[in-house]
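The basis for the numbers below is simple: all heavy atoms, side chains too, and nothing from hydrogens, waters or symmetry mates. In this text the structure is predicted, and so the values were computed from the model without any measurement. Chain identifiers are assigned alphabetically (A, B, ...) following the order of the sequence lines, protein sequences preceding nucleic acid strands; residue numbering begins at 1 within each chain.
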There are 2 protein chains.
Amino acid sequence: MARYKVGLETRERILEATRTLLADVGVEGITLKAITDRAGVRAGSFYNLFETKEEAVLTVVRDAITAMDPGDEASDTLEDLVNAYVTFLTEQSSMAQVYLQIAVTTTSTNEPIRKRIAKGQQYRVERFTSALLRDVPHIGAAEAKARIESLIAALNGFGIARHIDRSFDLHGHTRRMLELTTAP
Amino acid sequence: MARYKVGLETRERILEATRTLLADVGVEGITLKAITDRAGVRAGSFYNLFETKEEAVLTVVRDAITAMDPGDEASDTLEDLVNAYVTFLTEQSSMAQVYLQIAVTTTSTNEPIRKRIAKGQQYRVERFTSALLRDVPHIGAAEAKARIESLIAALNGFGIARHIDRSFDLHGHTRRMLELTTAP
DNA sequence: GTCAAATTTGAGCATACACTCTATTTTGGA
DNA sequence: TCCAAAATAGAGTGTATGCTCAAATTTGAC
């Protein structure tokens with residue numbers, strides 16, 4: 001448990017190294033050597049701060065899931081919410097990358113994590129649905145929710161498409177999807 | 001190189017074991033022991049057929065990418081193409097799962113594979129765009145392509161959403177997305 | 001049934017891996 | 001400056017991992 005300032009900084013360096021390795025190389029590239037090399041520390045330092053390598057990886061995974069959770073601002077329009085999500089996908093790219101990887105690879109052996117992700121997605125659906133109903137109240141709650149579920153899943157698909165092909169027009173497709181979702 | 005019938009069958013068993021392990025456990029669970037246990041063979045048999053573990057994994061990856069490639073039928077409607085894709089996502093679930101995992105985790109170190117996936121996606125975009133233009137010719141080629149890119153990325157996002165949450169209505173959302181895409 | 005080719009087994013090898021533990025160095029407060 | 005707590009380095013340990021290789025078994029054609 002880090003107490004001193006240098007320990008806290010080392011911890012953060014280790015987590016950042018783990019995160020960028022996950023994003024860059026994938027889970028198979030996560031060895032202790034790769035983490036410590038990237039963080040600029042040695043094994044002893046690592047184990048002073050984390051009990052196991054697994055603990056560091058799980059911390060990064062939890063951070064990524066938490067980072068993808070919507071904030072609690074009460075006054076956002078759907079457009080603001082969508083743009084914030086897309087901005088996150090593009091600007092926090094290693095965090096978003098870790099999140100998408102987890103979302104795809106989470107298996108029955110990782111049931112708690114899968115549920116955590118599903119819960120975050122449901123929360124996002126609720127928040128985006130509320131925002132949509134403020135914009136177009138007459139479409140009804142069930143229709144609004146269905147539209148938002150499509151929207152959010154599509155945005156995740158757009159994030160992946162952009163990863164595969166850098167020329168994918170993430171903002172253009174987001175705008176199109178937003179127009180279709182908010183159509184009266 | 002398998003010559004006898006039993007060798008060919010063993011090879012297929014090994015590939016299937018590798019594929020289902022990738023889908024079930026992810027790349028970190030791919031050890032030689034896990035593969036051979038699941039395939040019901042021993043290490044020597046494995047290495048009679050594959051030079052390295054990596055070769056077996058890459059073969060499975062390539063098979064998954066190839067399986068996701070659209071077929072060459074010339075007369076399909078967009079609805080047929082979309083339904084075939086979605087059926088594949090749901091019924092060939094370990095193959096689709098491997099594909100989505102590869103798509104998300106492919107990194108700069110796997111540039112040839114990323115390009116292979118991007119090429120397959122582009123081909124799918126072309127085929128689906130042609131089908132859309134047969135349905136609604138007046139929207140123009142650029143608009144049709146943009147709509148199809150959104151559609152395909154969204155379908156992939158739907159596949160992931162269903163993986164996270166089994167209650168995600170894949171067919172319902174697909175239908176909605178298809179209607180929006182084909183709107184005049 | 002025979003027999004050469006193919007396949008399979010499994011003991012063993014080298015090494016990468018996660019981790020321990022002790023000596024040394026650094027930090028931070030008095 | 002002192003000193004206890006915290007942090008760090010790195011040699012070493014045990015084991016999991018990918019793979020080799022020779023003996024044994026099976027396959028398939030004649």
Side-chain angles (χ1 to χ4, degrees), chain A residues 1-63 98 101-102 105 107 109-110 113, chain B residues 1-62 98 101 105 107 109-110 113:
Chain A
M1 179 51 74
R3 303 287 182 86
Y4 290 4
K5 181 167 172 292
V6 290
L8 288 163
E9 289 174 351
T10 300
R11 187 174 190 276
E12 197 46 48
R13 267 200 341 268
I14 288 168
L15 290 176
E16 180 63 23
T18 307
R19 184 180 305 117
T20 59
L21 271 170
L22 258 178
D24 290 350
V25 182
V27 71
E28 75 202 272
I30 302 287
T31 63
L32 189 76
K33 183 172 190 306
I35 294 174
T36 52
D37 282 353
R38 188 169 283 208
V41 301
R42 299 301 164 86
S45 298
F46 182 94
Y47 286 105
N48 181 54
L49 296 164
F50 300 93
E51 299 249 330
T52 61
K53 188 190 79 169
E54 185 77 5
E55 183 189 330
V57 174
L58 279 178
T59 302
V60 164
V61 168
R62 291 202 189 103
D63 286 352
V98 171
Q101 281 184 39
I102 298 158
T105 59
T107 64
T109 61
N110 293 343
I113 292 187
Chain B
M1 180 50 75
R3 305 286 182 86
Y4 289 6
K5 181 168 173 292
V6 291
L8 288 165
E9 289 174 351
T10 301
R11 187 174 189 275
E12 198 45 49
R13 270 202 335 272
I14 289 169
L15 290 177
E16 180 61 23
T18 308
R19 184 181 303 118
T20 60
L21 271 170
L22 258 180
D24 290 349
V25 182
V27 71
E28 74 200 272
I30 302 287
T31 62
L32 189 77
K33 185 174 189 305
I35 294 173
T36 52
D37 282 353
R38 187 169 283 206
V41 301
R42 298 301 165 86
S45 297
F46 182 94
Y47 285 105
N48 181 53
L49 297 163
F50 299 94
E51 299 250 329
T52 60
K53 188 190 77 168
E54 184 78 5
E55 183 189 329
V57 174
L58 279 178
T59 302
V60 165
V61 167
R62 291 201 189 105
V98 171
Q101 282 186 38
T105 59
T107 64
T109 61
N110 294 344
I113 292 186

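- With distances taken from any side-chain atom of Lys53(B) to the nucleotides dG18(D), dG28(C), dT7(C), the minimum falls on dG18(D).
- Between the C1' atom of dG10(C) and the NZ atom of Lys33(B) lies a distance of 14 Å, rounded to the nearest Å.
- For dA16(C), the OP1/OP2 oxygens have no side-chain nitrogen or oxygen of Thr31(A) closer than 4.0 Å.
- For Ser45(B) and dT7(C), the shortest distance from a side-chain N or O to OP1 or OP2 is not below 4.0 Å.
- Comparing Glu54(B) and Lys5(B) by the nucleotide of DNA chain D that holds the closest heavy atom to each, the one mapping nearer the 5' end is Glu54(B).
- Here Ile30(A) lies in heavy-atom contact (under 4.0 Å) with sugar-phosphate atoms only.
- Summarising the geometry, the separation between CZ on Phe46(B) and C1' on dG10(C) is reported as 16 Å, rounded to the nearest angstrom.
- Regarding contacts with the backbone of dT8(C), a side-chain N or O of Thr10(B) is found under 4.0 angstrom from either OP1 or OP2.
- Between Thr52(B) and Val6(A), the residue whose closest nucleotide on DNA chain D is further toward the 5' end is Val6(A).
- OP1 or OP2 of dA6(D) lies within a sub-4.0 Å distance of a side-chain N or O belonging to Arg3(A).
- Gly7(A) comes within 4.0 angstrom of the backbone, heavy atoms only, and of no base.
- Taking atom CD on Glu9(B) and atom C1' on dT27(D), their separation rounds to 12 Å, with Å as the unit.
- Note on Asp24(B) versus Arg19(B): no salt bridge recorded, every NZ/NE/NH1/NH2 to OD/OE distance being 4.0 Å or above.
- For the pair Arg42(B)/Thr36(B), no side-chain contact is recorded, criterion being any heavy-atom separation below 4.5 Å from C-beta on.
- A 4.5 Å side-chain heavy-atom check between Tyr47(A) and Leu32(A) finds at least one atom pair inside the cut-off.
- Minimum interatomic distance between Ile35(A) and Ala17(A) (heavy atoms only, all atoms of both residues): O-CB, 3.8 Å.
- Salt bridge absent: Arg13(A) and Glu9(A) never bring a charged side-chain N and a carboxylate O closer than 4.0 Å.
- Put simply, CG on Leu8(A) is 13 Å from P on dT27(C), counting in whole angstrom units.
- For the pair Leu49(B) and Gly44(A), nearest-nucleotide mapping onto DNA chain C gives the more 5' position to Leu49(B).
- The side chain of Tyr4(B) sits closest to dT7(C) out of dC19(D), dA7(D), dT7(C).
- Protein atom CD of Glu28(B) is 12 Å distant from nucleotide atom P of dA18(C), rounded to whole Å.
- Summarising the geometry, the separation between CG on Leu32(A) and C1' on dA9(D) is reported as 13 Å, rounded to the nearest angstrom.
- At whole-Å resolution of the value, CD1 in Ile14(B) and P in dT7(C) are 11 Å apart.
- Computed from coordinates, the Arg42(B) CZ to dA24(D) C1' distance equals 14 Å when rounded to whole Å.
- OP1 or OP2 of dC19(D) lies within a sub-4.0 Å distance of a side-chain N or O belonging to Tyr47(B).
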